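Letters go in sequence order (proteins before strands), and every chain restarts at 1. Everything quoted here is computed from the prediction, not taken from an experiment.
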There are 2 protein chains.
Amino acid sequence: MSLPRGVTTLKEVRDSCRNCRLRSLCLPESLSTADIGKLEEIVHRRKPIARGDYLFQAGHPFTAIYAVRTGSIKTSTLLSNGDEHISGFHLPGEVIGLDAITSDRHPSAAIAMETTSVCEIPFNSLEALGEQAPALQHQLVRIMSRELVTEQGTAQLLTRRSAEQRLAAILLNFSDRFANRGLSASRFRLPMSRLDLGNYLGLVPETMSRTFRRLEEQGLLSIAGKEVSILDKCALTELAYGTGPDASDTTRSGRA
Amino acid sequence: MSLPRGVTTLKEVRDSCRNCRLRSLCLPESLSTADIGKLEEIVHRRKPIARGDYLFQAGHPFTAIYAVRTGSIKTSTLLSNGDEHISGFHLPGEVIGLDAITSDRHPSAAIAMETTSVCEIPFNSLEALGEQAPALQHQLVRIMSRELVTEQGTAQLLTRRSAEQRLAAILLNFSDRFANRGLSASRFRLPMSRLDLGNYLGLVPETMSRTFRRLEEQGLLSIAGKEVSILDKCALTELAYGTGPDASDTTRSGRA
DNA sequence: CGCACGATTGACGGCTATCAAGGTGTGTGG
DNA sequence: CCACACACCTTGATAGCCGTCAATCGTGCG
């Protein structure tokens with residue numbers, strides 16, 4: 001299988017960051033071709049992992065961060081009472097493991113929600129490379145900043161919002177993220193079970209089921225198994241983020 | 001006011017990062033003396049701001065991150081329905097503004113909860129300096145990672161936990177943070193109003209009041225205005241993070 | 001002193017968790 | 001091909017927590 005130097009194999013083309021469809025979402029965003037080349041040298045493409053397999057477990061030593069290539073990953077922490085809390089769902093192009101940098105151990109576990117392939121980026125190598133390629137270092141910081149904004153949005157989602165609002169918001173969130181990846185914004189397949197989605201939203205499965213049905217009855221969407229069709233994005237957005245039932249009333253001073 | 005070069009003024013001693021009591025919590029953590037010296041050159045000590053004043057507002061251009069020196073800061077975002085959501089409370093040594101890096105605009109506002117002084121760290125200068133001092137760059141990444149872990153903890157706090165559990169958890173959180181700053185872990189003054197604390201926890205003021213009273217009646221703590229005394233840290237911890245009322249029962253398989 | 005704001009208390013109602021039972025789908029083994 | 005097991009989802013009845021509304025109280029400040 002050895003090839004002369006300088007020859008680009010099909011595998012290299014398929015695996016390279018520079019040809020990756022997700023470049024614009026991931027670490028290589030706005031990097032020079034030279035810097036991307038350096039990055040490719042330290043990135044290791046892992047073979048796909050099966051649904052339910054762990055990419056890493058909570059407590060494991062931190063050695064690398066990972067970028068989802070295909071499939072999807074959920075991250076979860078174990079609460080002291082034994083329950084599991086799902087902290088996030090991660091689609092292709094998103095980077096996971098960043099919460100482990102500060103403690104050298106993964107605070108959360110990462111589990112594949114379907115057959116999933118990832119790019120492994122050894123963190124020591126990344127830090128070393130960052131010293132030669134400042135743009136890469138800056139991009140890492142920018143990705144972490146984006147993650148902070150996302151987490152703040154999650155906290156808002158969970159704070160005094162009804163089940164309907166939470167579900168509407170997360171569906172719109174997935175819609176946007178699928179659209180960013182070139183898929184349909186109005187029709188997509190949720191990779192996780194309703195139990196997992198409810199866990200993330202702080203709702204029990206029974207409430208998830210009833211809430212889905214209510215949104216369907218309102219004509220906002222239709223579901224068939226894990227397939228979701230958004231029928232009225234406008235109304236769904238109003239429900240998720242809107243001013244509520246008293247939209248036209250501006251005489252009240254509000255909660256502020 | 002001009003002094004010969006090489007003379008260290010009192011102001012410089014008081015303002016220097018190397019002599020700062022909060023060094024171990026802040027950006028200079030584990031940096032060499034030389035690197036701290038470089039950092040000091042770009043840090044700008046702002047004059048104190050009064051209670052209620054904005055350090056920056058949502059939507060403002062992002063130019064710098066800030067480290068709280070004395071006092072305390074709350075960060076908040078405006079929801080589309082006009083309500084305010086408080087995303088965090090920040091004590092001396094903590095860094096704020098990191099969520100703005102990704103978008104060049106502050107997504108949230110920062111407001112002083114009391115007379116507060118901060119160190120302003122222009123971000124362009126910090127990034128430039130990071131290219132010469134890799135340890136500084138790494139420390140920035142580590143601080144952002146720590147922030148991610150904190151945010152995940154907040155999300156957990158807000159997910160399917162009772163008012164008592166939320167209040168117990170945030171009080172223990174403040175207890176730890178005050179202790180890390182050399183203050184008493186069992187007796188401290190909350191810098192924010194109950195309304196703000198409730199806003200952060202997703203609870204209305206009425207519920208805050210009732211929950212405080214219930215914790216007092218259980219003998220876990222005592223309050224007088226904003227002064228909090230933790231009387232039974234052990235029981236409070238059990239309440240906040242424990243296995244709940246059915247602790248000794250292991251026959252049930254739980255929610256998982 | 002009067003005012004404004006925050007904190008408190010009580011009555012009430014709605015939303016969602018809980019408990020219980022049944023239904024649906026999928027993969028597995030006979 | 002069918003039967004079975006298992007996980008997931010759905011549906012209904014009930015209860016409890018917390019939000020809402022309303023009124024009162026306390027405190028700091030002009």
Side-chain angles (χ1 to χ4, degrees), chain A residues 50-52 74 81 83-86 111 113-115 157-168 189-217 222-228 239 244-246 249 252-256, chain B residues 50-52 74 81 83-86 113-114 157-168 189-217 222-228 239 244-246 249 252-256:
Chain A
R51 170 192 169 95
K74 67 174 175 181
N81 61 8
D83 284 1
E84 176 188 32
H85 172 76
I86 295 178
I111 304 164
M113 296 193 290
E114 57 196 310
T115 304
L157 185 66
L158 297 172
T159 304
R160 289 218 280 128
R161 301 193 97 75
S162 69
E164 285 190 10
Q165 289 180 305
R166 297 184 203 191
L167 182 53
R189 187 185 147 278
L190 290 174
M192 79 292 295
S193 72
R194 260 147 233 227
L195 192 142
D196 280 351
L197 192 60
N199 182 311
Y200 175 77
L201 294 174
L203 302 168
V204 294
E206 294 93 327
T207 302
M208 290 299 294
S209 182
R210 285 186 255 262
T211 307
F212 261 117
R213 189 158 55 79
R214 257 181 293 159
L215 293 185
E216 259 192 315
E217 285 168 2
S222 80
I223 50 167
K226 295 191 186 335
E227 291 286 337
V228 176
L239 171 62
D246 52 343
D249 181 1
R252 299 188 326 132
S253 63
R255 170 162 305 279
Chain B
R51 170 193 170 94
K74 67 174 175 181
N81 62 7
D83 284 1
E84 176 189 29
H85 172 77
I86 295 178
M113 295 192 291
E114 57 195 311
L157 185 65
L158 297 170
T159 305
R160 289 217 285 128
R161 299 192 99 76
S162 70
E164 285 190 10
Q165 290 180 305
R166 295 185 205 192
L167 182 53
R189 188 185 146 275
L190 291 175
M192 78 292 294
S193 71
R194 258 148 235 221
L195 193 142
D196 279 352
L197 192 58
N199 182 309
Y200 175 77
L201 294 175
L203 301 168
V204 294
E206 295 92 328
T207 302
M208 290 300 293
S209 183
R210 284 186 256 264
T211 308
F212 262 118
R213 190 159 55 80
R214 255 180 294 158
L215 294 185
E216 261 192 312
E217 286 168 1
S222 81
I223 49 166
K226 295 192 185 337
E227 290 287 337
V228 176
L239 171 61
D246 53 345
D249 181 1
R252 298 187 327 131
S253 63
R255 169 162 306 281

Quick one, [X] and [Y] - any side-chain contact, counting heavy atoms below 4.5 Å?
X	Y	value
B:N199	B:K74	no
A:V204	B:R160	yes
A:L197	A:L167	yes
A:R194	A:F212	yes

Distance in angstrom units between [X] [atom1] and [N] [atom2], rounded:
X	N	atom1	atom2	answer
B:N199	D:dG19	CG	C1'	14 Å
A:L158	C:dT16	CG	C1'	15 Å
B:E217	C:dT8	CD	P	12 Å
B:M113	C:dG6	CE	C1'	16 Å
B:R166	D:dC17	CZ	P	14 Å

Fill in: Axis bend over the full length of the helix from C:dC1-D:dG30 to C:dG30-D:dC1, computed from five pairs that close each end, to 10 degrees
30°
Worksheet item: With the threshold set at 4.0 Å, does a side-chain nitrogen-carboxylate oxygen contact exist between B:E217 and B:R213?
Response: yes
Fill in: Protein-to-nucleotide contact annotation, 5' to 3' order, nucleotides 5-12 of chain D [B base; S sugar-phosphate only; - none; under 4.0 Å, heavy atom]
----SSBB
Worksheet item: Using a cut-off of 4.0 Å on non-hydrogen atoms, how would the nucleic acid contact of A:G202 be classed: base, sugar-phosphate, or nothing?
Response: sugar-phosphate
Worksheet item: Hey, does the side chain of B:Q165 reach the backbone of B:S162 with a donor-acceptor pair shorter than 3.5 angstrom?
Response: yes
Discussion item. Please check: side-chain N/O of B:R161 versus main-chain N/O of B:R166, any donor-acceptor pairing under 3.5 Å?
Written reply: no
Worksheet item: Would you find more than 12 non-hydrogen atoms of other residues, nucleotides or ligands less than 6.0 Å from A:R189 atom CZ?
Response: yes
